[in-house]
Asker: 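The structure under discussion is supplied below as structure tokens; questions concerning it will follow.
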Amino acid sequence: MENRITQLFGIKYPIIQAGMVWASGWRLASAVSNAGGLGLIGAGSMYPEVLREHIQKCQKATDQPFGVNIPMLYPDVDKLMALIIEMGVKIVFTAAGNPKIWTRHLKENGITVVHVVSSVKFALKAQEAGVDAIVAEGFEAGGHNGRDETTTLVLIPAVREKINIPLIAAGGIATGKAMLAAMVLGADGVQIGSRFVASEEASSHELFKQRVVEAGEGDTQLTLKELTPVRLIKNKFYHDVQKAYEDGATKEQLKVLLGRARAKKGMFEGDMEEGELEIGQVSALIHGIKPADEIVAELVREFEAGKKTVSML
């Protein structure tokens, strides 16, 4: 599977495990990296000293490349970046912010930089900022999302037309067949989140993992656009939000309803009613909790089988 993404990161397969809040700590990142993909530690929920511990443990658990994902809207981003440089991390995925702010500084310190976008416009801005690759994420994806609601099927070829650096597809990808489809559309690799949430190594709560496995078509919805768009499993909190909309809630009232640590309450602490349960539409295609290395192997098998099927058509 050698291509621009495997060469860029020094990995066997062009499969990236997304850096997900409350789900992707060192255990998951190291397991995916050991299996031939690229594991990412999701730093969005971590204080600097917590991130330090996860990096140290990941460095001990794998001798393969791994990276850190940092949403740039977090208040401690400068401390997190300084820590990453200090700890010798070589791959950083940035999101939710202007890539110009950190890309040059990171690259000057020998770090490969990838930025996550949801539109052609932002892909071009990231390329101009000098990033090494782009993740283009369709609105099927879980968690915080783009406002334009552009699907992966449309977004990937649209971005491919406009950029010349390596492109990673994300959003709605949980199988080898979907991986093959994304690469036919122009991607050089895939970033997968929801499928790895339902892994044994994910740090998310077991009740959340089970809820992901149980989710069916239509059980997730993009909401809270007035704040930051987020795709959630429908539960009591989701329906409380919908009721607030029906009652004409203002942006400030929605902020009060959301409160603090709502995602931690759901995904990490296991409150399936009052918690924020962030997951993608593709959860409807996830039917079991498996070790991360089995997930990677399954993706590769399906991808190769799909290639053979296509070649016979």
Asker: Go through the steps to decide whether Glu108 and Arg104 satisfy the test salt bridge (Lys or Arg N to Asp or Glu O under 4.0 Å), and finish with yes or no.
Answerer: CA-CA 6 Å; Glu108 286 174 349; Arg104 183 174 178 179; 3.2 Å; yes
Asker: Could you walk me through whether Glu128 and Lys125 pass salt bridge (Lys or Arg N to Asp or Glu O under 4.0 Å), step by step?
Answerer: CA-CA 5 Å; Glu128 290 167 8; Lys125 287 183 179 295; 5.7 Å; no
Asker: Are the side chain of Thr6 and the backbone of Asn3 linked by a donor-acceptor contact shorter than 3.5 Å?
Answerer: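 Pair found, side chain donor or acceptor close to backbone of Asn3.
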Asker: CG/Leu80 to CG/Asn69 distance, rounded to the nearest 0.5 angstrom?
Answerer: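 Answer rounded to 0.5 Å: 11.0 Å.
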Asker: Between side-chain atoms of residues 162-173 and protein atoms elsewhere (two or more places apart, or another chain), which donor-acceptor pairs fall under 3.5 Å?
Answerer:
none

Asker: For the OH atom on Tyr47, are there more than 12 heavy atoms of other groups (residues, nucleotides or ligands in this structure) within a distance under 6.0 Å?
Answerer: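 For Tyr47, atom OH is not crowded (no more than 12 foreign heavy atoms under 6.0 Å).
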Asker: Does Asn98 reach the main-chain N or O of Lys100 with its side chain, forming a donor-acceptor pair under 3.5 Å?
Answerer: yes
Asker: Are any of the side-chain heavy atoms of Asp293 and Asn34 separated by less than 4.5 Å?
Answerer: no
Asker: Is there a donor-acceptor contact under 3.5 Å from the side chain of Glu137 to the main chain of Ser118?
Answerer: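 Flag not set: sc Glu137 to bb Ser118 has no pair under 3.5 Å.
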Asker: So, does His54 use its side chain to make a donor-acceptor pair with the main chain of Trp26 at under 3.5 Å?
Answerer: yes
Asker: Measure from the side-chain N and O atoms of Arg147 to the backbone N and O of Lys225, and report whether any donor-acceptor pair falls under 3.5 Å.
Answerer: yes
Asker: Using a 3.5 Å distance criterion without hydrogens, assess whether the side chain of Thr94 forms a donor-acceptor pair with backbone atoms of Ile70.
Answerer: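 Such a contact is absent between Thr94 side chain and Ile70 backbone.
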Asker: Ignoring hydrogens and angles, tell me if any N or O in the side chain of Asp219 forms a donor-acceptor pair with the backbone of Ile233 under 3.5 Å.
Answerer: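 Side chain of Asp219 to backbone of Ile233: no pair is present.
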Asker: Which residues pass the side chain to side chain contact (heavy atoms under 4.5 Å, CB included) test with Glu276, not counting sequence neighbours?
Answerer: Val230, Leu232, Phe237, Leu258, Arg262, Ala263, Glu278
Asker: Can you tell me if Ser194 uses its side chain to pair, donor with acceptor, with the backbone of Gly280 under 3.5 Å?
Answerer: yes
Asker: With salt bridge (Lys or Arg N to Asp or Glu O under 4.0 Å) as the test, would you mind laying out the steps for Glu206 and Lys209 before giving the verdict?
Answerer: CA-CA 5 Å; Glu206 291 302 315; Lys209 295 180 188 181; 3.1 Å; yes
Asker: Whether the side chain of Gln59 engages the backbone of Met87 through a donor-acceptor N/O pair (distance < 3.5 Å, no angle test) should be reported.
Answerer: yes
